[in-house]
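A short worksheet on the structure shown next.
The shown structure was predicted, so the numbers you read here are calculated from the model rather than taken from an experiment.
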Amino acid sequence: MSKFQKGQSIVEFAVVLPLFFLLLWGFVYFGMFFSDYLMLNNMARSSAREASLQESVSDIAAKYTKECKKNQITKLYQLKEFYIGEDPDDHSNVYVRITESMNTGDSNANILNRTFQGFLGDSALQSFQIEYRMYWEAKKS
């Protein structure tokens, strides 16, 4: 009976190893996604702060669009829209909206999307949007 013990542990290892690597892969890519999300959130705050101190925001949008593209760690998502302007709800605020969509050219993004599609829904990972509002200090009322 003891000669079958070695075979049993090898079979258990072969069954558990792919699940372990899938879980590890998920943690790594979730961390990379979260890092990009935090970077974009910080960009939205920084651009809103800079825009709140100026009368015009046209040059700020171009500057921060370039910064967002340059500072992204992963290529899972690509910048779709970077908008800075007057808040439609409250005209005394600067409004920043950053929209990113999944990079369909990246094979890892496609694998990630297909893996979690059943759990989160069809369009859960396709895109995300960050909105930020800040009081417009330089604007004359």
Side-chain angles (χ1 to χ4, degrees), residues 2-141:
S2 66
K3 69 179 181 178
F4 293 113
Q5 293 287 329
K6 290 182 182 178
Q8 176 188 356
S9 62
I10 291 173
V11 169
E12 287 175 359
F13 180 73
V15 168
V16 171
L17 189 65
L19 297 174
F20 174 73
F21 279 128
L22 181 65
L23 187 65
L24 184 65
W25 180 82
F27 284 145
V28 167
Y29 271 93
F30 179 75
M32 291 169 75
F33 164 78
F34 196 64
S35 176
D36 277 348
Y37 181 80
L38 288 176
M39 185 271 307
L40 287 171
N41 219 345
N42 190 34
M43 286 285 179
R45 184 195 56 77
S46 297
S47 61
R49 175 67 182 148
E50 190 171 331
S52 73
L53 298 173
Q54 298 180 7
E55 290 281 334
S56 173
V57 296
S58 58
D59 56 335
I60 296 172
K63 173 186 171 186
Y64 278 95
T65 299
K66 184 179 174 184
E67 286 292 315
C68 282
K69 289 180 180 179
K70 184 178 85 172
N71 291 333
Q72 262 187 304
I73 295 169
T74 67
K75 300 300 179 205
L76 294 176
Y77 288 86
Q78 57 192 2
L79 189 64
K80 186 176 179 182
E81 177 192 22
F82 194 103
Y83 171 78
I84 301 176
E86 189 175 89
D87 189 353
D89 298 332
D90 184 0
H91 299 294
S92 63
N93 287 339
V94 174
Y95 175 72
V96 177
R97 181 180 59 239
I98 302 174
T99 306
E100 289 220 331
S101 61
M102 185 166 277
N103 185 2
T104 55
D106 185 34
S107 59
N108 290 324
N110 290 328
I111 292 170
L112 186 69
N113 188 33
R114 278 188 256 127
T115 303
F116 293 105
Q117 202 169 27
F119 298 115
L120 303 173
D122 289 341
S123 63
L125 295 175
Q126 292 297 320
S127 66
F128 66 91
Q129 184 171 326
I130 296 170
E131 294 181 354
Y132 205 88
R133 290 170 174 83
M134 186 172 285
Y135 179 71
W136 206 327
E137 296 176 30
K139 188 172 182 182
K140 309 277 191 256
S141 298

* **Spacing of L53 atom CG and E137 atom CD [to the nearest 0.5 Å]** => 5.0 Å
* What do the steps show when you test Y64 against V96 for side-chain contact (heavy atoms from CB on, under 4.5 Å), and what is the final call? -> CA-CA 11 Å; Y64 278 95; V96 177; over 6 Å; no
* Structure fact -> Distance col, row Y83:OH vs Q129:CD, nearest 0.5 angstrom, shows 12.5 Å
* Going by the salt bridge (charged side-chain N to carboxylate O under 4.0 Å, His left out) test, which pairs reach into residues 8-24, not counting sequence neighbours? -> none
* Inter-residue atom distance Y29.OH - L24.CG, 0.5 Å rounding -> 11.5 Å
* For D90 and D87, which heavy atoms make the closest approach, and how far apart are they? -> O-CB, 3.1 Å
* Using side chain to side chain contact (heavy atoms under 4.5 Å, CB included) as the criterion, list what pairs up with L17, not counting sequence neighbours. => F13, F21
* Of R133, E131, E86, which meets side chain to side chain donor-acceptor pair (under 3.5 Å) against Y95? -> E131
* Using the test side chain to side chain contact (heavy atoms under 4.5 Å, CB included), find all partners of N42 that sit at least two apart in sequence or belong to another chain. => R45, S46
* Asked: Which residues pass the side chain to side chain contact (heavy atoms under 4.5 Å, CB included) test with L38, sequence neighbours left out?
  -> F34
* Pairs touching residues 21-30 that satisfy salt bridge (charged side-chain N to carboxylate O under 4.0 Å, His left out), sequence neighbours left out -> none
* Asked: Who are the salt bridge (charged side-chain N to carboxylate O under 4.0 Å, His left out) partners of E50, not counting sequence neighbours?
  -> K63
* Evaluate the side-chain contact (heavy atoms from CB on, under 4.5 Å) criterion for residues I98 and Y132: first the C-alpha distance (whole Å), next the side-chain angles of each, then the deciding distance (0.1 Å), finally the verdict. => CA-CA 9 Å; I98 302 174; Y132 205 88; over 6 Å; no
* Taking the side chain as every heavy atom from C-beta outward, state whether Y37 and I130 have any atom pair closer than 4.5 Å. => yes
* Structure fact -> Heavy atoms of Q54 and W136 approach each other most closely as O-NE1, 2.7 Å
* Which pair of non-hydrogen atoms, one from S47 and one from I60, has the smallest distance, and what is that distance? -> O-CG2, 4.1 Å
